[in-house]
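So the structure is just underneath, and the comments pick up after that.
Per chain, numbering begins at 1; letters A, B, ... match sequence-line order.
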Amino acid sequence: MKKRLKKKAAVVQHVLFVAMNLALVVGIFIILLLYINSVKENTIFDKIYLSEDISLLINTIYSSPGNIKYFYETQATDLTKFSFRFIDNEAGVNEIDSKESLRISYPYGSNLLYYEDFHSLISPEKIIFLKNNNYMEINYENEENEILNKLICPKINTKDENWEEKDKLLLIDPGHGYSDKEKKDYGTLKRTLKESIIMENIAQALKLIPKVEFTREPGIYLSNIERIEKTKDYEITISLHTKHKQDNKNSLRAYINLNTFKSNPEIFKKQKKIACNILNSILENTDLDGATIIPIDPDKLSNTDTRKILKNKEKIIIYLELDDLEFANSKQNELPNLIHNGIKNYFENE
Amino acid sequence: MNKKAITSFDMLMTIPRLFFLILVLLSIVILIRSEIKTEIDIFEAESSLLTHRLIYSTNGISYYDELNDRLYPGTIDLDKLNDKDIQNILDSSIYYEVENKKIAANITIKDLDGNEIKSIAYNEIWFKEWFEKYKAGWSKGPGGVRGKIKQVYVVLKQGDSYKSAVLETIVLIPNS
């Protein structure tokens, strides 16, 4: 009996010993699992990655000469877990509701010649970077459709509160019409006629500007020489044209006199400013692909080139040309108001 | 052998086994930690970006035509480089902090024979200080400086004349 009891005690002891070892192994396994889980949950690398990536992105956007809108999203990590802050030229990233001391930041090169509007962001799905002329913004996704190809207008004071009451201020040239000779020379009578009528309609609608005058009445033909002569009596002349679309792009051009750049810089700036205001007004309200202001030398153009109207260096003359006749046709009702707004901005804003 | 002694022996042998277990556990933890990288080396990207910004951005050294509001990337305006304010313009357009201890650069324009035409620095004070360390080859560890030299062919514009040239940039970034 005593022998049996002693054997039983030995077995129990042995079992206890094995159980203890098993418990130790399980404990070690759980500790390892917890450790690996903590490594997985650790966001230090994500924060470092995001702060450096965003800093590099800001530097990249500043290094480009054009306007940019960039949507930042990444598969590498979940942006909604973090908050972003841009202070003291550093892109800072932290978990939401985490201590400020855990924020990780990386410096970027700011541009003091720009106006920077960098918002603090909490749980963004995407981050929007927008560089538009001398303005740089970082924000959440917004619904506004930024006009990235908006032109920068020269700074020159053209403010005049009484512009609408002045005589001999504004002359509108609705193209040169078409002559009987052109009717015989060109086989494209239908198109030329259509262009002429559309431009005349747009010009006539500009009668909403008081005291505006026209180079010619609808249906009348006027030669280049006659039109150039008329520009001498008016402070500002706007010549309206359209042409056949060359490619899939639909754009708008404003030609100005290159020779005034050196001979009459003030006139050059004013020409550019009024062209810029009109083009921006049309760009903001239509779906044009782009707009450009092109200085040309009218002295080097042939006498039959309608842009010869730019010849006068003492007056502000711009030659507006739409790429697409169908576009001009479809916007006959809107274009006069947009051109009017552009002229209004020229006189009413500094 | 005494049975009690056998039991005591078993208990005693647990100690080295525990010790060995702890050692294995620590090894696993250390191995995992050693393979986790928290530093990202962005020196190449950062230095290239500074070069790009100096040369190709609107406030850089490339020629900007006011007539057309257009920048000509790769056409360097020597008149702009000779402007007394160019240093301030560059320092303002790439601004890190009042005393920029982050990055510095030097731009040298040479003709095709290698003769220097013009040289300007971005963050001049720190460039001079770091350049000595860079020349000495001190590039690793805290206090070291890493550098990148890049050469590109450019067109040099002075007034109305144009000629081919080589533009060399040295970008220096300290380690700490």
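From A/Ile28, atom CD1 reaches atom CD1 of B/Ile22 across 7.0 Å, with rounding to the nearest 0.5 Å. Atom CG of A/Asn59 is separated from atom OG of B/Ser57 by 10.5 Å, given to the nearest 0.5 angstrom. In this structure, CG in A/Leu113 is found 12.5 Å from OH in B/Tyr95, a value given to the nearest 0.5 Å. Within the model, atoms CD1 of B/Ile32 and CG of A/Leu32 stand 6.5 Å from one another, a figure rounded to the nearest 0.5 Å. In this structure, NZ in A/Lys47 is found 12.0 Å from OG1 in B/Thr38, a value given to the nearest 0.5 Å.
Looking at A/Val39, the atoms closer than 4.5 Å to chain B (heavy atoms on both sides) all sit in the side chain, from C-beta outward. Looking at A/Ile256, neither its backbone nor its side chain comes within 4.5 Å of chain B, counting heavy atoms on both sides. Contacts between B/Leu21 and chain A at a heavy-atom distance below 4.5 Å involve the side chain alone, from C-beta outward. For B/Arg33, the parts sitting under 4.5 Å from any heavy atom of chain A are the backbone and the side chain alike. Of the two parts of A/Phe17, only the side chain, counted from C-beta on, holds a non-hydrogen atom closer than 4.5 Å to a non-hydrogen atom of chain B. Neither the backbone nor the side chain of B/Ile103 comes within less than 4.5 Å of any heavy atom of chain A. Contact annotation for A/Phe29: neither backbone nor side-chain heavy atoms come within less than 4.5 Å of a heavy atom of chain B. Heavy atoms of B/Val29 lying under 4.5 Å from chain A belong to its backbone as well as its side chain. Using a 4.5 Å cut-off between heavy atoms, A/Lys272 contacts chain B through its side chain alone, with no backbone atom that close.
Here the closest non-hydrogen pair linking B/Lys102 and A/Pro107 is CD-CG, 3.6 Å. In terms of heavy-atom proximity, A/Ser64 sits nearest to B/Thr58 at O-OG1, 4.5 Å. Among all heavy-atom pairs drawn from B/Glu97 and A/Asn89, the shortest one is N-ND2, 4.3 Å. Annotation for B/Ile94 and A/Gly109: closest pair CG2-CA, 4.4 Å, computed over non-hydrogen atoms.
Enclosure of atom NZ in A/Lys269 is not indicated, since only 12 or fewer non-hydrogen atoms of other residues, nucleotides or ligands lie within 6.0 angstrom. Taking a 6.0 Å sphere around CD of B/Glu39, one finds it holds 12 or fewer heavy atoms contributed by other residues, nucleotides or ligands. Within a 6.0 Å sphere centred on CD1 of B/Ile125, heavy atoms belonging to other residues, nucleotides or ligands number 12 at most. Heavy-atom contacts from other residues, nucleotides or ligands closer than 6.0 Å to CG of A/Asp88 number 12 or fewer.
B/Ile28 is not listed as a side-chain neighbour of A/Tyr35, based on a closest heavy-atom distance of 4.5 Å or more. Within the 4.5 Å cutoff, the side chain of A/Phe45 has heavy atoms near those of the B/Ile40 side chain. Side-chain contact between A/Tyr114 and B/Asn59: present, with at least one pair of heavy atoms (C-beta onward) separated by less than 4.5 Å.
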(request) Apply side-chain contact (heavy atoms from CB on, under 4.5 Å) to B/Arg53 and A/Asn111, showing your working. (result) CA-CA 11 Å; B/Arg53 242 177 124 165; A/Asn111 189 336; 4.0 Å; yes

(request) Any chance you could lay out the side-chain contact (heavy atoms from CB on, under 4.5 Å) test for A/Leu24 and B/Leu18, step after step, and finish with the verdict? (result) CA-CA 9 Å; A/Leu24 200 59; B/Leu18 258 174; 3.6 Å; yes

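Of the residues considered (A/Phe261, A/Tyr49, A/Tyr62), A/Tyr62 shows the highest number of contacts with chain B, using heavy-atom pairs under 4.5 Å. The residue among A/Ile293, A/Leu56, A/Leu151 with the most heavy atom pairs within less than 4.5 Å of chain B is A/Leu56. If you tally non-hydrogen atom pairs under 4.5 Å between each of A/Asn134, A/Ile48, A/Ile152 and chain B, the highest count goes to A/Ile48.
A donor-acceptor pair is defined here as one N or O able to donate and one able to accept, closer than 3.5 Å; no such pair exists between the side chain of B/Arg17 and the backbone of A/Asn21.
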